[in-house]
Amino acid sequence: MDEKYYPEKIEEKWQKFWEETRAFEVEADSKRQKFYCLEMLPYPSGFLHMGHVRNYSIGDALAWYKRLRGFNVLHPIGWDSFGQPAEQAAIKRNVNPREWTEENITQMRRQFKRLGISYDWRREVAAHRPEYYKWDQWFFLKMYERGLVYRRMSPVNWCPNEKTVLSNEQSSGGVCWRCGWAVEKKDLEQWFVRTTQYAEELIADMAELEAGWPERVLTMQRNWIARSTGAFVDFPVKDSTEKIRVFTTRIDTIYGANAIVLAPEHPSLAKLLEGSTLQADITRFAARVREGRATLKPDEEVEKEGMNTGLFATNPFSGEQLPVWVANYVLMDYGAGAVMSVPAHDERDFEFAQKYTLPIKQVIVPVTHDKEPSGFEPQLSEDVSTEMLNAMTDYGMLVNSGEWSARLSQDAITEMSAHAEKMNFGGAAVTYRLRDWGISRQRFWGAPIPMVYCETCGIVPIAEKDLPVELPASAEFTGTGESPLAGVVEFVTTTCPKCSRPARRDTDTMDTFVDSSWYFFRYCDPQNADAPFDKEKAKYWTPVDQYIGGIEHAVMHLLYTRFWTKMMRDIGLVSFGEPVKNLLTQGMVVAETFYREDEGKRVYFNPADVRVERDAKGRITSAVLISDNRAVTVGDIEKMSKSTNNGVDPNEMIDAYGADAVRVFTLFAAPPENELRWSEAGIDGAVRFLRRVYSMIWKWADVLANDSLGGTPQINETVLRNLPELRRLRQMTHRTIARVTTDFERLHFNTSVAALMELMNAVGDFDALQREVTEAPPEYHATARFVMREALEALVIMLAPFAPHAAEEMWAGLGHTGGILRDAETQARWPQADAVLARKEELEIPVQVNGKLRGRLRVAAETGEEDLRQAALADERVRGFIEGRDVVKVIVVPQRLVNIVVS
RNA sequence: GCGAAAGUGGCGAAACGGCAGACGCGCUGCGCUUAGGACGCAGUCCCGUAAGGGGUGGGGGUUCGAGUCCCCCCUUUCGCACCA
């Protein structure tokens, strides 16, 4: 151990040590309790950013903590290495996606190692390697066998100029990202996974997740799946054998229907309009609406538009003839693609009826007395189109509804659904907003879909034994045309697995969410060549005990992986349906921005190049650019990004402060789910703290090892009894152990670090006191050294999850060999808090009079209720406030406070 | 518009319904230094010399006691957005 703290030296040394001793490599061991600590795998862009650093620092702290508590901890990492950036690099710079990806992985792996994250690197997986995506394809075949994947036409974003498929990002704003042409929708045959088949289970199983997942994420998933209960009702079309099926949640309002409205894409439309004079007009209208939708910007509101088809449908409840309309506000892919329009009791239908002056018939009246109905007096006349100002969407009592009148909405919904079912024209139904998962991508850099098209046999799956269908080494990356694979003749040309005649491969690849849906199962058995993973190994390690990642994956990734797990359960690979027990969604990393206006455009400067001036209160008063010493504008705090130039490079931070300090700051500065505001001053504080601990250990290492000052460190009860300062440090040590332990269990890393800082401060005070002790008997020194060693060792071990390199160095400095994790299988190193020692001997009890603080009592910790009461009433200061008044009540909370209530 | 979460010093933040602001940053003063983006010590919510008073977005309520629980409002952030 050097006298001074040299992070780069220590960090390199211990990284090498961990590698050589295989400190983080683990195997399934049924005799030990496991803990699966998982962080979301990164896309290998080539560089770690601060968001990654935060994510992986959180995970690593937890992994270390659990190891020190004696768990067998699986802590792996891998690469989400398929996807667009590699392909874009290929298009733009003519590099090979595979080489580009592999190079990036090499670079990022080096960065991970520099950060000292404790991964079992033998388990690393990468989505783009055939050994991995072989199993994506295998799963595809399994799902195909079970009817869980199917093919249908579906629209993609299409650039008519470059004749290529664009992703949503590439077509944002409705224009092509490269050429600026208006993006169109184009229908292509694509593969879909039937996620909707599991909709009910995906909703229902969320009950299991309530304890361990953020409420926010569950809410988002619930809204995404959006289960809705209602009923189907079939409306027979006049002069036709066709029926129009609608979905409604308000069958109780059916007597108020004034029209049936179809989505423009409704499949029955063509048949219904056969021979109609309006056919051409309607078709044109439908096409226009569809086009309008394609170029729609995300936030845009669209005016309701519709057309009367001239057809009529019969309301099966009332027998009434209703006109059939087509309108842009009805969605084809929700419910039945058709609705009954009830303007009096639905806002959208109301708006539509207003626009086209359709009759509005009221069939529900409010019955609640304590709640305002929607601003409108009950009317019993039928057509209220002139009086009604808003739709009345509340439940109420049915009126104008034939035999159903006078019932309450809730009852009517059940009874009318049952009636529809009995009469065979509908019935109760549940629908979901959740749609099937489209997994076809017209891209090169993904797992090929293992399907073949044969003229004779049609669509034929590849035989399992012929997997993987390997990606060719390269393709033409022009950025135009359909899937790049379509241009690779050797790839496309194949033979039919069934009839052996020439056939053509599917040239699409799979969505990268496929790769990330099951990767953490593969970590359990990453080299398996015969199966995605060994069931027994997965059974030991999974489900994941703690998953850590960004909130941006709240819906898609986490929903798909939940689906995938259920699918794997149904094909017998796992025995549970939920893959992740606890989820932590960490906040973004943000920083200050600085800019100058230049001809209306903002030019941003990196915070590293700016000097900030503050006033006496610490408020920022101005900022200047260091290079020219002229002022810059202080902008908002924003997410670190290229566009605002406020990012910091983890490599530079590690160079300047060391990985340990970066990690300590990252975990200390904010609770994990909050935003983390980057600050170089803050990281200075982290280094300062580490340095203080380090020099304290250095100073005491010799003393603790040197026996000449009074024998081996040991407790002398007499000394302890007589010297409160020794007891005080012990108390602080044990109190800190208890605090840090509970904070870790709650993932409150910031308060853990704060507690360690307090312990360090106490150690510092104790050390200062010791310097003043010149003459003392040997048993005093022995006891003092025992107490100090206890404090320092606890401090070092509890620091390991945050600053593992420094902790290892100091642990060794305290005379321990073989590293902190030595014998971890048999001996948990985490210190044990002794509740008796952690207790304070003397307490300061606040005394309130009528809830206001009026005095404090110094009492022994075990002082009872009655004594506290007496002491409070007798207190000099307190008496000044109660004199001359009646004491009505005295509330005594032992160990806590006394409140005296006076009149 | 609908839904959810959150508003505490100059800043990041603490606080089983029980002393608001732990811990850290910044700032102020002092010491040590030729010097310091080093180190040490002290101070730092507001008003007041003090005693004391006020203070957790605003207003009400429950309670002996509210940052914490309930109701209304304001603001911010996030998610969803014609979902019948």
Side-chain angles (χ1 to χ4, degrees), chain A residues 214-224 226 228 230 246-250 253 261 298-304 327-331 333-342 345-349 351-352 393 431-435 551-552 554-555 592 612 614-621 637 656 664-665 668-671 673-686 688-689 691-692 695 739 748 750-758 760-761 764 768 844-856 880 888-893 895-902:
Chain A
E215 189 53 45
R216 199 149 79 100
V217 174
L218 295 177
T219 306
M220 281 164 75
Q221 294 216 352
R222 240 175 242 123
N223 292 342
W224 188 262
S228 161
V246 306
F247 176 72
T248 177
T249 54
R250 292 297 301 274
T253 66
V261 189
D299 275 358
E300 219 169 339
E301 275 217 18
V302 182
E303 200 184 335
K304 291 188 176 42
N328 63 347
Y329 76 97
V330 179
L331 305 175
D333 44 14
Y334 183 77
V339 301
M340 60 180 202
S341 169
V342 185
H345 306 293
D346 181 281
E347 276 161 30
R348 296 150 302 184
D349 296 338
E351 203 187 308
F352 191 67
T393 58
T431 60
Y432 305 87
R433 194 190 81 137
L434 181 75
R435 317 231 171 107
I551 187 76
E552 65 273 21
V555 176
E592 280 158 335
V612 163
R614 291 165 193 278
D615 66 10
K617 289 232 170 184
R619 269 182 296 236
I620 295 179
T621 49
I637 308 285
V664 167
F665 172 73
F668 170 65
E673 56 281 357
N674 282 24
E675 281 185 347
L676 170 67
R677 190 144 144 206
W678 191 259
S679 127
E680 289 226 29
I683 196 171
D684 268 328
R688 208 135 59 207
F689 167 59
R691 210 153 30 208
R692 288 178 64 206
S695 43
R739 276 173 70 188
H748 289 193
N750 55 328
T751 49
S752 288
V753 178
L756 293 177
M757 286 173 168
E758 284 183 67
M760 175 59 219
N761 292 344
E844 222 181 52
I845 302 288
V847 181
Q848 300 178 335
V849 177
N850 285 348
K852 281 189 188 290
L853 180 70
R854 296 302 185 193
R856 295 169 203 281
V888 179
K889 200 172 178 185
V890 180
I891 285 126
V892 181
V893 185
Q895 323 253 325
R896 278 265 172 219
L897 105 169
V898 179
N899 188 11
I900 301 166
V901 185
V902 296

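Just so we're clear, the structure is a prediction, and the values are computed from it rather than from any experiment. A note on names: the letters A, B, ... follow the listed sequences, proteins ahead of strands, and every chain is numbered from 1.
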So, does A:K852 get its side chain near the phosphate of B:rG54, meaning an N or O under 4.0 Å from OP1 or OP2? yes

If only side-chain N and O atoms of A:R856 are considered, is one of them under 4.0 Å from the OP1 or OP2 phosphate oxygen of B:rG18?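 So the side chain of A:R856 is outside the cut-off, no N or O lying under 4.0 Å from OP1 or OP2 of B:rG18.
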
Dump every N/O contact between nucleotides 35-45 of chain B and the protein below 3.5 Å, one line per pair.
residue, atom, partner, partner atom, Å
B:rC39, OP1, A:R691, NH2, 3.4

If I take atom NE2 in residue A:H748 and atom P in nucleotide B:rG24, what distance separates them, rounded to the nearest angstrom?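 Roughly 20 Å, once rounded to whole Å.
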
What is the glycosidic conformation of B:rG24: syn, defined as within 90° of 0, or anti? anti

For residues A:V664 and A:A686, report the shortest heavy-atom separation together with the two atoms involved. CG1-CB, 3.9 Å

I want to confirm an ordering. Mapping A:P846 and A:T751 to their closest nucleotides on RNA chain B, which one lands closer to the 5' end? A:T751

Nearest-nucleotide 5' precedence on RNA chain B, A:A686 against A:A669: A:A669

Closest to the A:R433 side chain, choosing from B:rC80, B:rG18, B:rG3: B:rC80

Counting side-chain heavy atoms from CB outward, which of B:rG65, B:rC23, B:rA84 is closest to A:F247?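 So the nucleotide nearest the side chain must be B:rA84.
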
Watson-Crick or G-U wobble partner of B:rC45, both distances under 3.5 Å: B:rG54

Under a 3.5 Å limit for both distances, which nucleotide forms a Watson-Crick or G-U wobble pair with B:rU68, could you say? none

